[in-house]
There are 2 protein chains.
Amino acid sequence: MTNEQARLQFIERMGQQAANDGLTRSAGQIWAALLLSDEMMSSAELAELLQITKGSISTNVRTLETLHIVERRFKPGDRQDYYAIQENPYTALVEGQIRRFDNANKIVAEALDGVRGGSAQVKLTELARFYQLYQQSAVGLLAAMKADPEPGSS
Amino acid sequence: MTNEQARLQFIERMGQQAANDGLTRSAGQIWAALLLSDEMMSSAELAELLQITKGSISTNVRTLETLHIVERRFKPGDRQDYYAIQENPYTALVEGQIRRFDNANKIVAEALDGVRGGSAQVKLTELARFYQLYQQSAVGLLAAMKADPEPGSS
DNA sequence: TTCAACGTTTAATATGTGCTGAACAATCGC
DNA sequence: GCGATTGTTCAGCACATATTAAACGTTGAA
């Protein structure tokens with residue numbers, strides 16, 4: 001398999017994977033393209049490479065920005081916006097997951113407050129325990145990632 | 001808030017949460033209803049409580065079965081199928097997540113094999129490292145859950 | 001055998017969502 | 001100011017998916 005084929009395949013697979021994780025296929029493809037690129041890329045370049053309209057690039061890049069995966073950069077004297085992968089993109093993802101566990105914990109805690117009944121209490125407590133363990137695990141992961149920042153060569 | 005209101009609210013919220021996690025709203029509602037119920041429930045009971053047709057109950061219960069969250073039970077001399085939450089429903093969820101990380105790792109590993117180019121190698125290695133750390137975290141969580149099986153009272 | 005009850009499957013419908021293409025706003029060079 | 005370039009927004013369309021309603025197969029009782 002040529003270098004080019006490997007790149008296109010990776011872009012396609014990241015698109016599929018993103019679509020399974022709540023993002024859009026285009027967002028995953030943009031992510032992959034920026035991972036593979038040595039330089040930051042303009043939206044025109046992304047649109048040409050991925051065969052996506054600039055409108056879709058705009059919206060998808062915005063969601064990747066809010067997820068702190070992609071950041072917008074500028075070249076002096078150049079009106080175009082450029083995009084690149086952020087410095088530590090994955091800590092933000094784990095932090096987002098932790099926030100979601102917070103929400104889940106709230107739901108279960110409120111249910112435990114208001115619901116009476118024998119085995120329901122038991123099973124809700126099990127569910128709450130699961131969410132708490134999962135959250136602790138995510139917090140530990142985040143700490144490990146921050147302790148070992150994988151200092152990006154450059 | 002009455003006991004009944006708290007139950008309905010929990011069912012509704014679990015439905016929303018499930019819809020955000022790749023399941024359907026109905027699947028989340030069935031899950032919640034079985035969590036709250038002291039006894040196992042028939043599909044007729046579920047359909048009546050959740051206002052869902054028996055067809056939808058059938059398909060959604062099947063997906064919950066394949067996820068090892070719900071199991072099908074029978075009463076002697078009763079032709080109806082009954083459903084209940086499985087014994088340790090959450091270990092199976094973590095195991096599923098671990099399998100998904102396996103897949104992600106494969107994608108990145110193959111990309112690392114085939115892609116040449118300066119910073120791409122670095123960033124792909126970072127991504128691989130992230131997936132590996134995340135997977136280790138999930139494996140640790142699974143071990144913790146199995147070590148502390150939260151022996152369901154009864 | 002016949003009928004009733006139950007679970008499954010499937011076609012049709014409804015609903016949500018992503019993408020496109022065009023209109024719009026903003027900015028820079030001339 | 002004017003035209004060109006760029007990013008954003010939005011209506012319309014296309015597609016995927018969940019739900020329903022009905023048909024079907026199966027099973028058990030009379």
Side-chain angles (χ1 to χ4, degrees), chain A residues 11-34 37 39-67 69-84, chain B residues 11-34 37 39-67 69-84:
Chain A
I11 288 174
E12 191 53 44
R13 288 184 176 172
M14 286 284 286
Q16 289 178 14
Q17 177 122 343
N20 292 338
D21 284 345
L23 293 177
T24 67
R25 190 174 83 116
S26 299
Q29 290 179 331
I30 294 170
W31 186 354
L34 294 178
S37 172
E39 313 288 342
M40 50 191 182
M41 297 179 71
S42 69
S43 59
E45 289 172 312
L46 287 170
E48 205 283 335
L49 171 64
L50 304 177
Q51 296 294 337
I52 298 174
T53 60
K54 61 176 184 173
S56 184
I57 297 280
S58 177
T59 63
N60 281 294
V61 151
R62 164 149 308 181
T63 73
L64 289 173
E65 277 183 301
T66 64
L67 290 175
I69 294 173
V70 163
E71 69 181 3
R72 193 175 304 238
R73 293 179 183 169
F74 303 95
K75 288 186 181 177
D78 189 335
R79 282 176 53 197
Q80 282 186 90
D81 294 10
Y82 289 86
Y83 305 99
Chain B
I11 288 174
E12 192 53 45
R13 288 184 177 173
M14 286 283 287
Q16 290 178 14
Q17 177 122 342
N20 292 339
D21 284 346
L23 294 177
T24 67
R25 192 174 83 115
S26 300
Q29 290 179 334
I30 293 171
W31 185 355
L34 294 177
S37 172
E39 313 288 342
M40 50 192 181
M41 297 180 73
S42 68
S43 60
E45 289 172 313
L46 287 170
E48 205 283 335
L49 171 63
L50 305 175
Q51 296 293 338
I52 300 175
T53 61
K54 60 177 183 173
S56 183
I57 298 280
S58 176
T59 64
N60 281 293
V61 151
R62 164 150 308 182
T63 72
L64 289 173
E65 278 184 299
T66 66
L67 291 176
I69 294 174
V70 162
E71 69 181 2
R72 193 176 304 237
R73 293 179 184 170
F74 303 95
K75 288 186 182 176
D78 190 335
R79 283 176 52 198
Q80 282 186 90
D81 295 9
Y82 288 87
Y83 305 99

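Owing to the predicted nature of the structure, the values given are computational and were not obtained by experimental measurement. Residue numbers start from 1 in every chain, and the chains themselves are labelled A, B, ... in the order their sequence lines are given, proteins ahead of strands.
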Task: Spacing of Lys75(B) atom NZ relative to dG28(D) atom P, expressed in whole Å - done: 18 Å
TODO: Report, as yes or no, whether the 6.0 Å neighbourhood of atom CZ on Arg13(A) holds more than 12 heavy atoms from other residues, nucleotides or ligands.
DONE: yes
TODO: Decide yes or no, distance alone: a donor-acceptor N/O pair under 3.5 angstrom between the base of dT6(D) and the side-chain of Arg79(A).
DONE: no
TODO: Calculate the interatomic distance between Lys54(A) atom NZ and dA4(D) atom C1'; express it in whole Å.
DONE: 12 Å
TODO: Quickly work out the Leu64(B) CG to dA18(D) P distance and round it to whole Å.
DONE: 13 Å
Open item on the list: Taking side-chain contact (heavy atoms from CB on, under 4.5 Å) as the criterion, tell me which of Leu50(A), Leu49(A), Leu34(A) meets it with Gln29(A).
Closed with: Leu50(A)
Task: Nearest-0.5 Å distance that lies between atom CD in Glu45(B) and atom OH in Tyr83(B) - done: 11.5 Å
TODO: Looking at every strand, decide which applies to Ser56(A) at a 4.0 Å heavy-atom threshold: base, sugar-phosphate, or nothing.
DONE: base
TODO: Specify the separation, in whole Å, of atom CG of Asp78(B) and atom C1' of dA29(D).
DONE: 14 Å
- [ ] Please round to the nearest 0.5 Å and tell me the distance separating atom CZ of Arg79(B) and atom OG of Ser42(B).
- [x] 13.5 Å
- [ ] For DNA chain C, note the earliest and the latest nucleotide, 5' to 3', having some atom under 4.0 Å of a heavy atom belonging to chain A.
- [x] dG18(C) to dC28(C)
Open item on the list: Is the shortest side-chain heavy-atom distance between Ile57(B) and Ile30(B) below 4.5 Å?
Closed with: yes
TODO: May I ask you to say what Ser43(A) touches in the nucleic acid, namely base, sugar-phosphate or nothing, with a heavy-atom cut-off under 4.0 Å?
DONE: sugar-phosphate
- [ ] Look at all strands and tell whether Ile52(A) reaches a base, only sugar-phosphate, or nothing, counting heavy atoms closer than 4.0 Å.
- [x] sugar-phosphate
- [ ] Could you check how far CZ of Arg62(A) sits from C1' of dT8(D), rounded to whole Å?
- [x] 7 Å
Task: Contact nearer the 5' end of DNA chain C, comparing Thr59(A) with Gly77(A) - done: Thr59(A)
- [ ] Specify the separation, in whole Å, of atom CD of Gln16(A) and atom C1' of dA16(D).
- [x] 15 Å
Task: Rounded distance [0.5 Å steps], CG in Leu23(A) versus CH2 in Trp31(A) - done: 7.0 Å
Open item on the list: Quick check for you: to the nearest 0.5 Å, what is the distance between Tyr82(A) atom OH and Glu39(A) atom CD?
Closed with: 10.5 Å
Task: Whole-Å gap separating P (dT20(D)) and CG (Leu50(B)) - done: 10 Å
TODO: Using whole Å, report how far CD1 of Ile57(A) lies from C1' of dT6(D).
DONE: 14 Å
TODO: Could you check Gly22(A) against Asp81(B) and say which one's nearest nucleotide on DNA chain C is further toward the 5' end?
DONE: Asp81(B)
